[in-house]
Amino acid sequence: MSTASQRIKTKGSEALTEALEALKTNASQATLDLYNNSIGDNGAQALGEALKTNSTLATLNLQYNSIGEKGGQALGEALKTNSTLATLNLQNNSIGEKGGQALGEALKTNSTLATLNLQNNSIGEKGGQALGEALKTNSTLATLDLYNNSIGEKGGQALSEALMTNATLTTLDLWRNSIGFNGAQALAEALKINVTLATLYLQSNAIGDNGAMALSEALKTNSVLSRLDLQNNSIGEKGGQALGEALKTNSTLATLNLQNNSIGEKGGQALGEALKTNSTLATLDLYNNSIGEKGAQALGEALKTKLNSGHIGLGAQALGEALKTNSTLATLNLQNNSIGEKGGQALGEALKTNSTLATLDLYNNSIGEKGAQALSEALMTNATLTTLDLYYNSIGEKGGQALGEALKTNSTLATLNLQNNSIGEKGGQALGEALKTNSTLATLNLQNNSIGEKGGQALGEALKTNSTLATLDLRLNSIREKGGQALGEALKTNSTLATLDLYNNSIGEKGGQALGEALKTNSTLATLDLYHNLIGEKGGQALGEALKTNSTLATLNLQNNSIGEKGGQALGEALKTNSTLAILNLQKNNIWIKGFLAFSDAFKANLTLKILNLEGNTTRGKIAPVLFKSLTTKSTLTTLNMGYKSIEEDEAQALGEALKTNSSLITLDLQSNSIDDNGAQVLAEALKSNSTLTTLYLQNNSIGSNGGQVLAEALKTNSTLTTFDLQNNPTGNNGAQALSEALMTNAALTTLDLWRNSIGFNGAQALAEALKINVTLTTLYLQSNAIGDNGAMALSEALKTNSVLSTLDLWGNSIGDYGAQALAEALKINSTLTILDLQKNTIGDNGALALAEVLEINSTLETLNLWHNSIGDNGAWVLHRVSQAVALRIGCW
């Protein structure tokens, strides 16, 4: 029997009505997705009532719905009797302690729920304890996500106690919960007994060395845990050594993430020693751990010992894989570890015998020529490595030449990143020579290597016969005309290259013409980036001519090329018949009347172009209205960038008229156009009826108070615009007050930018009132508005009750200690703000100390920028100490 799934995109009461109707009438409704619909407590209560009798729904998504305690309690009550719901997602609501307790009570009797996501809900210690109590008897829940809930040590201990008897939970996420050492110790005790938990996320919990040592003891006997994430936990050498010791006997852990700790050389050595005998670890992430040369050498030794492979690195996976007889480690990421030449050499030596490692990431390690030469020597015999990242390693010409030699015989490497390595012409030539015979490399990144004309020519020559390379990045290499011509010649016969990036290479007209000729017959290239290459009119004409017959190119970037009128005309003419190009960037190309007329005609016939960037060209006169009028036809265009055009009143009128009927445009960029209040009036009228536009950029225009007010009026009824940028317009406090009034009823807007709009204290106060009611706005930019301490205090009051805003930028607003202290008070209660920018204010030590104090209890703020304030040594030291303890990004210098 088929089941139904429904994603509801309407907002508020309308969404709720639609959902309830579906639950009542659809006898096969199994999935209901109400993501970001602002249903609130009332909506959750109504859904709770429906769930008491519904017998079909298995999955319910209520993310981002401003559900509070009452809504959480209602859903908990429903789960006591509901017998079908298996997955409930309540991420990013505010159900609080009472909601958490209600769900805990429900789980004691509920026998169907298998997955519960409560990320970012501020359930606190009591909520954590209630869930822990429930897990002692619950026999169905398999996945519990409590990311960022401030359950603290007591919550962690309660869950640990439950794990000693619970036999169903397999995944537990406690990322950012301030469980500390005591919570980690309790979990460690539970892991010694628990027989089901396979995945445990403990990132950013300040467990330190002691917590890591306790967990290490547990790992010696635990036989089920396969993934452990300890990222950002202030684990030092002792913790690293303890984990290494545990891995010598542990036989189940496959992924270990130690990213952003400080295990140092000794920790790296201990892990390396463990990998010599460990036979299960497959992924090890040691990104940013300062393991140094000795740590890398130890890992290299481990890799040599017995066919192994590993991942130690940037972003996220975990440690190890079988190193001695078992061959499991396949990915090793050592980004940002200062392993140097000796570390590179040790890894190269290991790769000569290792037979499992498939991915090696050495980004930013200063391995130099010798390290690259050692790796190259290994590649001549290694038969498993498929991806090698050497970005920013100073390997130089000799390193490039060595790798070229290796690629002549290597038969497995598919991806090679050599970005920013100064390999020069000789390195480029060596790689070109290698590509003539190499039959496996599919992606080659040589960005910013100064390979010059000769390097470009060598690569062009290679592409004539090479049959595997699909992506080639040559940005910033000065290959010039001859290099461009060589690549063009190669593309006439090459049948594999799909992406070619020639950003800023000065290939000139001849290079552009050569590529145009090639595109007439080439049938594989889908993306071509020619940004800033001086191809001029002739190059633009050649490419336009090619597009008439080419049937594969989907993305073409010609920004900053001075293709002029003739080039614009040629491309416009081509678009009438071309049926593949979807993205065309013509920013800053000196296109004028004839070019725009050609595009106007093209819009009427073209059915594939979706994104067109015409920023920085000239449309003055009668041409813009003609262009905009063409948008009323069967256009497929979804994104139009007309920034820096000096659009005048009649042109704005034409654009507004087009928007009333256009049904395809989603993003419109009109920045820096001298649009005044009259132009704003026209756009506002269009927004009242337009039902597709989601993003509108109007920054750097001349929209004043009246313009701001009419646009605000439009927002009261518009239900699609989600991003509105009015940066640097003199809308003043009257405009801000009007926008605030609109925000009280608007249920679509998520981002509002009022940077440098002279809103002052009155405007900030009005916005604060709106934030107390609004349920959709997540990002608010108020930089340089002179709101002062009073404005900051008004916004702080709003933050105490607002449950959706995640980013607030108050850069350069003359906010002092009083304003900072008010914000600190708000952060004691607020549970959604993740980014707060207070740069360039006048906050001193008192304000800094207030913020530091609250950061020890606030569990949601991730970034606090206090750069360029008046904070002294004392305030700076306290902030630094707190940032280390809670893994928060703080800038104050």
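- Taking CG of L836 as the reference point, atom CG of L805 lies at 10.0 Å (rounded to 0.5 Å).
- Looking at heavy atoms from C-beta onward, K126 lies in side-chain contact with Q101 at the 4.5 angstrom threshold.
- Side-chain contact check for S94 versus S831: some heavy-atom pair is nearer than 4.5 Å.
- The shortest heavy-atom contact between A214 and A188 is O-CB, 3.3 Å.
- Atoms CG and OH, on D173 and Y201 in that order, are 7.0 Å from each other to the nearest 0.5 Å.
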Less than 3.5 Å apart, which donor and acceptor atoms pair up between the side chains of residues 243-251 and the rest of the protein, not counting sequence neighbours?
from : atom 1 : to   : atom 2 : distance (Å)
E245 : OE1    : K248 : NZ     : 3.4
T249 : OG1    : A246 : O      : 3.3
N250 : OD1    : T252 : N      : 3.0
N250 : OD1    : L253 : N      : 2.8
N250 : ND2    : L219 : O      : 2.9

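- With a 4.5 Å cut-off on side-chain heavy atoms, V804 and S66 count as touching.
- Considering every non-hydrogen atom in both A212 and S216, the closest pair reads O-OG, 2.7 Å.
- The closest side-chain heavy-atom distance from L159 to L174 is below 4.5 Å.
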Using a 3.5 Å cut-off and no angle test, enumerate the donor-acceptor pairs between side-chain atoms of residues 190-198 and protein atoms at least two apart in sequence or in another chain.
from : atom 1 : to   : atom 2 : distance (Å)
K192 : NZ     : E189 : OE2    : 3.1
N194 : OD1    : T196 : N      : 2.8
N194 : OD1    : L197 : N      : 2.7
N194 : ND2    : L163 : O      : 2.9
T196 : OG1    : L169 : O      : 3.0

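- Aromatic ring centres of Y147 and W175: separated by under 6.0 Å.
- The CG atom of N288 lies 4.5 Å from the CG atom of N260; values are rounded to the nearest 0.5 Å.
- We find the CG-CD1 distance between L187 and I207 to be 9.0 Å, quoted to the nearest 0.5 Å.
- L144 is not listed as a side-chain neighbour of T171, based on a closest heavy-atom distance of 4.5 Å or more.
- Contacts classified as salt bridge (Lys or Arg N to Asp or Glu O under 4.0 Å) and involving residues 194-205 (residues at least two apart or in different chains) are not found.
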Verify side-chain hydrogen bond (donor to acceptor under 3.5 Å, both in side chains) between D361 and Q335, making sure each step is shown before the conclusion.
-> CA-CA 6 Å; D361 191 338; Q335 286 187 36; 2.5 Å; yes
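- A distance-only check finds no donor-acceptor pair linking the side chain of T720 to the backbone of T694 [under 3.5 Å].
- Considering all non-hydrogen atoms of both residues, S178 and N205 come closest at N-OD1, 2.9 Å.
- Atom CD of E161 has 12 or fewer neighbouring heavy atoms from other residues, nucleotides or ligands inside a 6.0 Å radius.
- The CG atom of N117 sits 8.0 Å away from atom CG of L90, with the distance rounded to the nearest 0.5 Å.
- Nearest heavy-atom pair, G211 versus F181, reported as atom, atom and distance to 0.1 Å: N-CD1, 3.5 Å.
- By the 4.5 Å heavy-atom criterion applied to side chains, D229 and L202 are not counted as neighbours.
- For the side-chain contact (heavy atoms from CB on, under 4.5 Å) with L146, the lone residue among L116, N121, I123 that qualifies is I123.
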Any chance you could lay out the side-chain hydrogen bond (donor to acceptor under 3.5 Å, both in side chains) test for N177 and N149, step after step, and finish with the verdict?
-> CA-CA 6 Å; N177 266 289; N149 267 290; 5.2 Å; no
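- N65 places a side-chain N or O within 3.5 Å of a backbone atom of I39 that can act as its donor or acceptor partner.
- Taking each heavy atom of A158 and G128 in turn, the nearest pair found is CB-O, 4.2 Å.
- For the pair E97 and E69, the tightest heavy-atom approach, listed with the atom from each and the gap, is N-OE2, 4.2 Å.
- With a 4.5 Å cut-off on side-chain heavy atoms, T384 and T386 do not count as touching.
- Contact annotation: the side chain of T779 never approaches that of T750 to less than 4.5 Å [non-hydrogen atoms, C-beta and beyond].
- Without hydrogens or angle criteria, D41 side chain to G71 main chain gives a donor-acceptor distance under 3.5 Å.
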